[in-house]
Structure formats: structure tokens, C-alpha cells
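Read the structure below first, then the notes.
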Amino acid sequence: MRALLAANWKMHLFTAQARDLLLELNRLGAEEKMPFPIVICPSHIHLRMAKEHLAACEVGAQNGYPGEFGAYTGEVSMAQLWELGCRYVIVGHSERRQYFGEAGALLRDKVLDAQARGLRVIYCVGETAAQRQAGQTLTVLQRQLEEVLRGATIAWSQLILAYEPVWAIGTGVNATPQQAQEAHAFIRARLKDLGAPEEAIPLLYGGSIKPNNAEALFSQPDVDGGLVGGASLVAQDFWAIAQALKKAKGASS
Ligand code: PGA
């Protein structure tokens, strides 16, 4: 089963708001079972509460640092995330690349360490608007894949890819289903080159997924699910997106 839906809450919500959203997701999840994993990635401070409250969803972290313990002020280790009950972690999100300077070697260390601790990694790749306009989309995707995955002992069954064009994140301008499919097919082919069982790896699309565009995106053959930012903060919207995934993938999910 390749289908998967993940929520990236980013740096949002106070405790009471997060609790309300978790309870609402639980209510919706009790009413309707989804035939694929749903992963909720809140701020670190809400992880324990998410773990305690969520019955039908998995809990993931938005970031983590390699290692168990160490003198890394402000960081939370992959091992600590695992201990807390996280089973997923996002690595390489464009906001981490852009605002925190994360790139190649560090991202590779994060992927490998997270997997060594037992976490499934959602590794994000995506081009900027300028790169797309310059015709560099596929080159950028290939570089972001290779610098982290080539030659490394990746546990492929613990890897999920997310294609997130930077120009589509938080902008309200989603990639068209055709643009998403083209990028996803390219990523799947490169995964094959890297020795991965490419047909088994979930490829998520992320970037302004909303209830009204989700089904068209998820209907593409190589779009296996989504990584949802803004719309994941509204329970009804996020659930409508889950329903769209269920409808698009049907029994094959
Ligand atoms: P968005 O964010 O859905 O708000 O565009 C997606 C993401 O950054 O993961």
C-alpha cells in the first residue's frame, strides 16, 4: 500500500487549539476509517499530547537532530522523538533548507540516523519558482535525491518521498496534476536508478493541497498521497482531503 496522508502543522497552534484539533480529528477518524496511514506532525511541544490523544492517526515530528544525546542546544534528537512515540519525521522541508540552511550532508545524516532509530522518514524535495522558470526543475530534484540517498544504506521500506515545489507551498497556487505527475514519475525513475524498490515507495505531493484540488492531484498514477500544511489546521478540510485520497485510490490504496 503506497497511499499515505501527512499533516504538517508547522509553527502553529497554542495548546488548547492543538487539543481541539486533535479531538476533532479523532472524532472524524472514529466515524470513518481510512485505508491508509494518516500522520500528524505538530510542533514538538504538542507531540506528547498528540500521542496521548490520537487513536486513528500516527504521530510524526517536523524535524529532528541526529544522535541520541549531546551538546546541541535547542535541538531534539531522533532518539528522543522515538522514545516519545513518534514513528515518522519530516526531513529536508524547503523551509528548513531556506531559513535554517539545511542541505546535503546534514540531511543525509538526519535520514540515516532517523532510520537507525526506527523512524520512517518523509524526505522532501522541490524546486523554487526561479529554478522552474529556468528549466532546472528535474536537475534540482535529481540533485536533492542523489546528495542524500546515493551510496547510503537507506532502509527503503522506511522512506517516503514528498515532492513540494517551493512556489506552491503556502501560496494557494498548487502544481497542476500534470506538473505533479511529471515530477513524481521522474522521482520514481531516479529512485530506481538509486537501487530502490521504486514501486513500493510512497510519493506524496505537497503545496497548497485543498479540498477542491486534492482529488485531481491524487488521481495521478504516481501521486500516492499528500503532505498538507495550511489545510491541515482545519479538521474538516484535512478530513475532506483524506476522503479525496480514499476516493482517488479506491481499493488500490
Ligand atoms: P501548504 O504547505 O499545504 O500550506 O502549502 C505544505 C507543506 O509545506 O508541507
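Bear in mind that the values here come from a model prediction, so they are computed numbers and not experimental data.
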Y163: partners by ring pair (Phe, Tyr, Trp, His ring centres under 6.0 Å), with sequence neighbours left out:
H184
Does the side chain of [X] pick up a donor-acceptor pair with the side chain of [Y] at under 3.5 Å?
X	Y	answer
Q62	H93	no
T139	Q136	no
E127	Q144	no

Exam field: side chain [X] to backbone [Y], donor-acceptor pair closer than 3.5 Å:
X	Y	answer
Y205	A175	yes
Q181	D222	yes
Q115	Q158	yes
S43	I45	no
H44	E75	no
R188	I201	yes
R48	L84	no
R97	G92	yes
R87	W82	yes
N8	L227	no

Just do the side chain to side chain contact (heavy atoms under 4.5 Å, CB included) check on K249 and F36 with the steps written out, would you?
CA-CA 10 Å; K249 297 306 176 191; F36 43 79; over 6 Å; no
Step-by-step side chain to side chain contact (heavy atoms under 4.5 Å, CB included) determination, N174 to I209:
CA-CA 7 Å; N174 59 289; I209 301 183; over 6 Å; no
How far apart are the closest heavy atoms of V59 and L54, and which atoms are they?
CG2-CD1, 4.0 Å
Where C86 and L47 come nearest, the two heavy atoms and their spacing
SG-CD2, 3.7 Å
Would you mind checking if R117 and E83 are paired as a salt bridge, meaning a charged N to carboxylate O distance below 4.0 Å?
no
K246/E32 salt bridge by N-O under 4.0 Å criterion
yes
Output, in order, the C-alpha distance, side-chain angles, deciding distance and verdict of salt bridge (Lys or Arg N to Asp or Glu O under 4.0 Å) for E199 and K192.
CA-CA 8 Å; E199 291 297 335; K192 182 174 192 214; over 6 Å; no
Does any non-hydrogen side-chain atom of R96 lie less than 4.5 Å from one of N63?
yes
